[in-house]
Amino acid sequence: MLNFSKINIISIYLVFFLISVFSLLNFQDRENILIDKKVNLGLDLQGGSYLLLEIDSQPLIKEKIQSKVIPIKKLLKKNNISYSNFKINEDNLIFSLSDQEKFKLIFFSKKNNFVNPYIDKYKSFELDYEKVENNKLKIFFTKYGELTINNSALKQSIEIVRRRIDDVGTKEPTILQRGEKRILVELPGLKDPQRIKNLLGKTAQLNFRLVEKADEFGVEEMTSETGEKLSVSKRIVMTGENLIDAQPNLNNQTNQPVVSFTLDRLGAQKFGRTTTDNVGKRLAIVLDGKIISAPTINEPITSGSGVISGSFTFQETTDLSLLLRSGALPTPLNIVEERSVGPDLGEDSIKSGIISLIVGFLLVIFFMAYKYKIFGIIANFALISNLVMLIGVLTILEATLTLPGIAGIILTVGMAVDA
């Protein structure tokens with residue numbers, strides 16, 4: 001016969017009572033909440049949206065290969081190798097060389113940045129080259145180089161997607177990596193999936209450029225959201241990387257929705273210098289290649305803060321602020337698969353799961369009482385306590401309950417009989 005001290009018995013009952021209180025929180029009136037904790041329902045139970053996103057790394061590869069132009073030219077000049085006909089393509093560089101053998105020796109040397117020093121022993125290089133004509137070479141990313149770019153872009157994209165979804169207020173989202181280029185997003189209980197798709201579909205690449213005359217060198221023609229055609233300088237004054245915060249607001253004079261933004265120290269210096277030197281000119285605010293606003297610089301702005309105005313609704317300013325706060329995606333995201341689970345299906349699943357749990361639980365209780373009499377009744381109290389404590393722990397952790405989770409609880413009840 002096992003003997004327990006009174007302290008152990010009191011401790012056991014106290015723990016059971018406290019955890020049981022948490023399990024009861026799932027049945028409290030939502031208008032009179034004592035403690036805001038409950039078991040959350042998964043996508044298959046309460047409905048919601050399922051999105052499978054895929055990164056488009058081609059623009060990033062193009063940007064990365066362009067960033068290699070200056071280092072390669074410096075490498076050639078430093079080693080007195082003459083070159084000509086330098087051409088930049090979507091994913092490669094082509095140029096003519098005077099001494100290809102010498103170039104090969106220095107290109108795959110540990111002294112330059114084209115070899116990863118940590119895995120050099122495996123001969124994994126970021127870049128490689130091949131001959132395309134007698135004296136021409138084509139430089140391109142290796143499989144390892146492309147994989148490195150994809151992995152970096154995917155991890156960064158997952159983090160930014162998480163920030164954007166968290167800012168919207170969606171509870172218990174599931175955001176997971178799927179393969180080399182895909183991101184799985186599950187949003188239980190989402191009422192406005194189109195808004196989420198719009199937010200995730202924008203890279204939010206923000207930059208500020210001066211509006212110049214059409215006949216000046218180094219300009220490109222762009223159309224604003226109002227339909228106005230403007231000649232915008234290709235030189236970027238400042239990017240969204242210098243933003244610390246962005247919030248929706250109202251213009252005090254016109255009472256129109258605007259986005260107020262705050263810059264970091266470097267951004268404030270750039271913005272202050274640009275607005276000081278270009279009073280009277282227009283400053284184009286470009287988001288994802290489109291002009292969203294082009295205000296006139298009336299006076300120097302040196303405070304490190306500013307306002308983006310335009311023909312915005314308050315919802316649009318809220319979403320734009322969210323995009324700017326979360327940061328720009330390194331690559332565009334494409335939706336390759338989309339599914340919606342209706343709330344009716346979720347409600348049916350909940351009812352079926354609860355009925356299965358009750359029926360299975362009652363069958364176990366009746367069997368135990370019939371087979372083992374008084375000992376079976378004692379074991380039934382232990383089973384009920386086990387179930388109550390399990391729900392209480394799930395409530396404390398604010399865990400997400402799914403159909404497999406309900407099946408697991410039913411299995412737990414059955415297996416606990418052995419104990």
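- A heavy-atom distance below 4.5 Å is not found between the side chains of Asp56 and Glu54.
- When each of Thr276, Leu283, Val211 is checked for a side chain to side chain contact (heavy atoms under 4.5 Å, CB included) with Ile297, only Leu283 meets the rule.
- Put simply, the side chain of Pro248 does not reach to within 4.5 Å of the side chain of Pro257, judged on heavy atoms.
- With sequence neighbours excluded, the residues forming a salt bridge (Lys or Arg N to Asp or Glu O under 4.0 Å) with Arg163 are Glu159, listed by chain and number.
- In terms of modelled atom types and a separation under 3.5 Å, the side chain of Asp288 and the main chain of Ala204 share a donor-acceptor contact.
- With hydrogens and angles disregarded, a donor-acceptor distance shorter than 3.5 Å links the side chain of Arg164 to the backbone of Gly327.
- When side chains are defined from C-beta on, Asp166 counts as touching Pro173, because their heavy atoms get closer than 4.5 Å.
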- For Thr262 and Leu243, what are the C-alpha separation, side-chain angles and deciding distance, and is it a side-chain contact (heavy atoms from CB on, under 4.5 Å)? CA-CA 6 Å; Thr262 307; Leu243 259 70; over 6 Å; no

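- With sequence neighbours left out, Phe22 forms a ring-ring contact (aromatic ring centres under 6.0 Å, His included) with no residue at all.
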- Item | Derivation and outcome, salt bridge (charged side-chain N to carboxylate O under 4.0 Å, His left out), residues Arg209 and Glu220 | CA-CA 11 Å; Arg209 308 189 208 175; Glu220 60 179 318; 2.6 Å; yes

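- The line from NZ of Lys102 to CG of Leu97 is 11.5 Å long, rounded to the nearest 0.5 Å.
- Among residue pairs with one or both ends in residues 77-96, those qualifying as salt bridge (charged side-chain N to carboxylate O under 4.0 Å, His left out) are Lys62-Glu90; sequence neighbours excluded.
- With sequence neighbours excluded, the residues forming a side chain to side chain contact (heavy atoms under 4.5 Å, CB included) with Glu186 are Leu43, Tyr50, Thr174, Leu184, listed by chain and number.
- Under 3.5 Å, the side chains of Asn386 and Thr412 contain no donor-acceptor pair of N or O atoms.
- Here salt bridge (charged side-chain N to carboxylate O under 4.0 Å, His left out) pairs that include residues 380-394, with residues two or more places apart or in two chains, number zero.
- Between the side chain of Gln205 and the backbone N or O of Leu329, at least one donor-acceptor pair lies under 3.5 Å.
- Residue Leu52 holds its CG atom at 10.0 Å from CD1 of Ile335, rounded to the nearest 0.5 Å.
- With sequence neighbours excluded, the residues satisfying ring-ring contact (aromatic ring centres under 6.0 Å, His included) with Phe86 are Tyr83, Phe95.
- Side-chain contact between Val388 and Ile391: absent, with no pair of heavy atoms (C-beta onward) separated by less than 4.5 Å.
- A donor-acceptor contact shorter than 3.5 Å links the side chain of Ser293 to the backbone of Ser309.
- In this view, Arg282 and Glu228 satisfy the salt bridge (Lys or Arg N to Asp or Glu O under 4.0 Å) rule, not counting sequence neighbours.
- Side-chain N or O atoms of Asn26 include one that pairs as donor or acceptor with a backbone N or O of Val39 at under 3.5 Å.
- With values rounded to the nearest 0.5 angstrom, Met222 atom CE is found 11.0 Å from Ser231 atom OG.
- Residues forming a side chain to side chain donor-acceptor pair (under 3.5 Å) with Ser224 (at least two apart in sequence, or on another chain): Thr226.
- Considering only residues two or more places apart in sequence or on other chains, Val364 meets the side chain to side chain contact (heavy atoms under 4.5 Å, CB included) condition with Met368, Leu383, Val417.
- The side chain to side chain contact (heavy atoms under 4.5 Å, CB included) check on Asp319 picks up Arg195, Leu199, Gln315, with sequence neighbours excluded.
- Counted by atom type alone, Glu146 and Asn150 present zero donor-acceptor pairs between their side chains at under 3.5 Å.
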- Task: Start with the C-alpha gap between Ile196 and Ser49, add the side-chain angles, then the distance that decides, and say whether side-chain contact (heavy atoms from CB on, under 4.5 Å) holds.
- Result: CA-CA 10 Å; Ile196 291 290; Ser49 293; over 6 Å; no

- Message: Run the side-chain contact (heavy atoms from CB on, under 4.5 Å) test on Leu263 and Lys270 for me, step by step, so that the C-alpha distance in whole Å, both residues' side-chain angles and the decisive distance to 0.1 Å come before the verdict.
- Response: CA-CA 10 Å; Leu263 303 171; Lys270 291 180 180 178; over 6 Å; no

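- Using modelled atom types, no side-chain atom of Asn151 and backbone atom of Thr148 make a donor-acceptor pair closer than 3.5 Å.
- In this structure, NZ on Lys68 lies 10.5 Å from CD1 on Ile139, to the nearest 0.5 angstrom.
- Atom-to-atom distance recorded for Arg273:CZ and Thr302:OG1 is 12.5 Å, nearest 0.5 angstrom.
- Judged by distance alone, with hydrogens and angles left aside, the side-chain atoms of Asn380 form a donor-acceptor pair with the main-chain N or O of Ile365 at under 3.5 Å.
- Expressed to the nearest 0.5 Å, how far NZ of Lys281 lies from OG1 of Thr274 amounts to 10.5 Å.
- Residues in residues 293-321 take part in no ring-ring contact (aromatic ring centres under 6.0 Å, His included) pair, two or more places apart or across chains.
- Pairs passing the salt bridge (charged side-chain N to carboxylate O under 4.0 Å, His left out) check and including a residue from residues 229-255, sequence neighbours excluded, do not occur.
- Listed for the Ser57 side chain is no donor-acceptor partner under 3.5 Å among the backbone atoms of Leu60.
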